[in-house]
Asker: 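Take a look at this one; I'll ask things after.
Order of listing sets the numbers, starting from 1, for every ligand and every atom in it.
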Amino acid sequence: MKAAASTARVDEIVEQLRANGGRMNTARRALVAALVDAGGHVTAEDLATAVRRTHPNMHMATVYRNLEALEDLGVLTHLHLGHTASVYHFADDCHQHLVCQTCGHVVEVPDREFDRLTKRLGGTYGFHLTLHHFALMGICQACADESGQ
Ligand SMILES: [Zn+2]
Ligand SMILES: [Zn+2]
Ligand SMILES: [Zn+2]
């Protein structure tokens with residue numbers, strides 16, 4: 001079941017890529033499949049490791065070049081969950097991330113939770129907030145409980 005669902009998702013992404021004027025190649029398809037399998041939040045290194053299981057000779061430069069191309073084509077996007085390497089997401093599956101700075105736990109929050117804040121910042125400060133690119137840092141409930149807060 002999982003494999004069939006993954007294949008359908010890969011095909012959906014391939015459709016998007018073509019609609020945006022991009023061409024598919026072996027590296028791009030392998031990267032898209034690896035990201036579907038991983039479910040998001042993976043680094044270029046993680047994707048390269050996954051892709052090399054089936055394409056052992058693919059260079060890191062090829063991985064980076066094609067990740068960049070997929071980003072330019074609006075299929076992928078990268079974001080920062082903290083001080084570590086940036087991670088990848090499909091562009092049609094975005095949300096804001098809350099990251100625990102103690103244990104690294106990630107909570108995904110839908111954009112609508114930020115609607116009021118976004119409107120206020122726009123109205124009061126003339127500032128148009130970009131969600132997604134950086135995570136919001138804090139302490140998760142489990143870590144707060146542990147430290148007796
Ligand atoms: Zn960035
Ligand atoms: Zn935590
Ligand atoms: Zn996410």
Side-chain angles (χ1 to χ4, degrees), residues 1-17 19-22 24-25 27-53 58-122 125-149:
M1 276 312 284
K2 189 184 170 285
S6 310
T7 309
R9 180 68 173 134
V10 172
D11 289 344
E12 194 178 288
I13 301 296
V14 171
E15 278 303 303
Q16 279 180 30
L17 178 99
N20 295 351
M24 209 15 115
N25 62 32
R28 291 177 190 180
R29 183 172 260 283
L31 284 166
V32 166
L35 188 54
V36 168
D37 284 344
H41 304 170
V42 283
T43 65
E45 289 278 348
D46 295 335
L47 289 171
T49 304
V51 163
R52 281 188 185 137
R53 272 181 224 130
M58 199 180 292
H59 289 287
M60 203 59 207
T62 307
V63 168
Y64 276 116
R65 183 159 25 83
N66 284 286
L67 281 174
E68 214 173 281
L70 289 169
E71 254 195 292
D72 289 344
L73 287 161
V75 172
L76 295 189
T77 152
H78 79 270
L79 56 110
H80 309 271
L81 292 179
H83 298 291
T84 49
S86 56
V87 296
Y88 287 86
H89 240 287
F90 287 114
D92 66 356
D93 175 32
C94 271
H95 37 251
Q96 184 59 43
H97 301 84
L98 311 181
V99 178
C100 176
Q101 56 208 27
T102 301
C103 71
H105 178 64
V106 178
V107 181
E108 299 182 353
V109 181
D111 289 359
R112 63 171 180 277
E113 299 283 4
F114 297 90
D115 283 355
R116 277 183 59 192
L117 176 66
T118 304
K119 278 204 189 86
R120 274 181 79 115
L121 292 178
Y125 302 94
F127 186 78
H128 303 277
L129 191 66
T130 307
L131 291 169
H132 312 152
H133 197 72
F134 288 98
L136 296 173
M137 308 303 288
I139 308 285
C140 77
Q141 195 58 58
C143 290
D145 290 344
E146 204 156 289
S147 66
Q149 283 177 31

Asker: Does the ring center of His78 lie less than 6.0 Å from the ring center of His133?
Answerer: yes
Asker: I want to verify a count. Protein N, O or S atoms less than 2.8 Å away from the Zn ion (ligand 3), how many are there?
Answerer: 4
Asker: Can you tell me the N, O or S atom of His78 that's nearest the Zn ion (ligand 1)?
Answerer: NE2
Asker: Looking only at side chains, do Asp46 and Thr43 share a donor and an acceptor under 3.5 Å apart?
Answerer: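 Thr43 and Asp46 do have a side-chain donor-acceptor pair below 3.5 Å.
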Asker: So which of the N, O or S atoms of His133 lies nearest the Zn ion (ligand 1)?
Answerer: NE2
Asker: Between His132 and His89 (judged by ring centroids, cut-off 6.0 Å), do the two rings come close enough to count as a pair?
Answerer: no
Asker: What's the spacing between Met58 CE and Arg53 CZ if we round to 0.5 Å?
Answerer: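 Reported to 0.5 Å precision, the distance equals 13.5 Å.
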Asker: Please determine whether the number of non-hydrogen atoms from other residues, nucleotides or ligands lying under 6.0 Å from atom NE2 of His59 exceeds 12.
Answerer: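 No, because the 6.0 Å sphere around NE2 of His59 holds 12 heavy atoms or fewer from other groups.
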Asker: Provide the atom name of the closest N, O or S atom of His80 relative to the Zn ion (ligand 1).
Answerer: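 Checking each N, O and S atom of His80, the shortest distance to the Zn ion (ligand 1) belongs to NE2.
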Asker: Measure across Asp37 and Ser6 and return the closest heavy-atom pair with its distance rounded to 0.1 Å.
Answerer: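 Taking Asp37 first and Ser6 second, the nearest heavy atoms are OD1-OG, 3.9 Å.
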Asker: Using atom types as modelled and distance alone, determine if a side-chain donor or acceptor of Asn25 lies under 3.5 Å from a backbone N or O of Ala27.
Answerer: yes
Asker: About how many Å separate CD of Glu113 and CG of Asp111, when rounded to the nearest 0.5 Å?
Answerer: 10.0 Å
Asker: Do Glu68 and Arg65 sit within salt-bridge range, that is, some charged N less than 4.0 Å from a carboxylate O?
Answerer: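 Judged by the 4.0 Å cut-off on N to carboxylate O distance, Glu68 and Arg65 do not form a salt bridge.
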Asker: Using a cut-off of 2.8 Å, find all protein N, O or S atoms closer to the Zn ion (ligand 2) than that distance.
Answerer: Cys100 SG, Cys103 SG, Cys140 SG, Cys143 SG
Asker: Okay, side chain of Glu71, backbone of Asn66: is any donor-acceptor separation there less than 3.5 Å?
Answerer: no
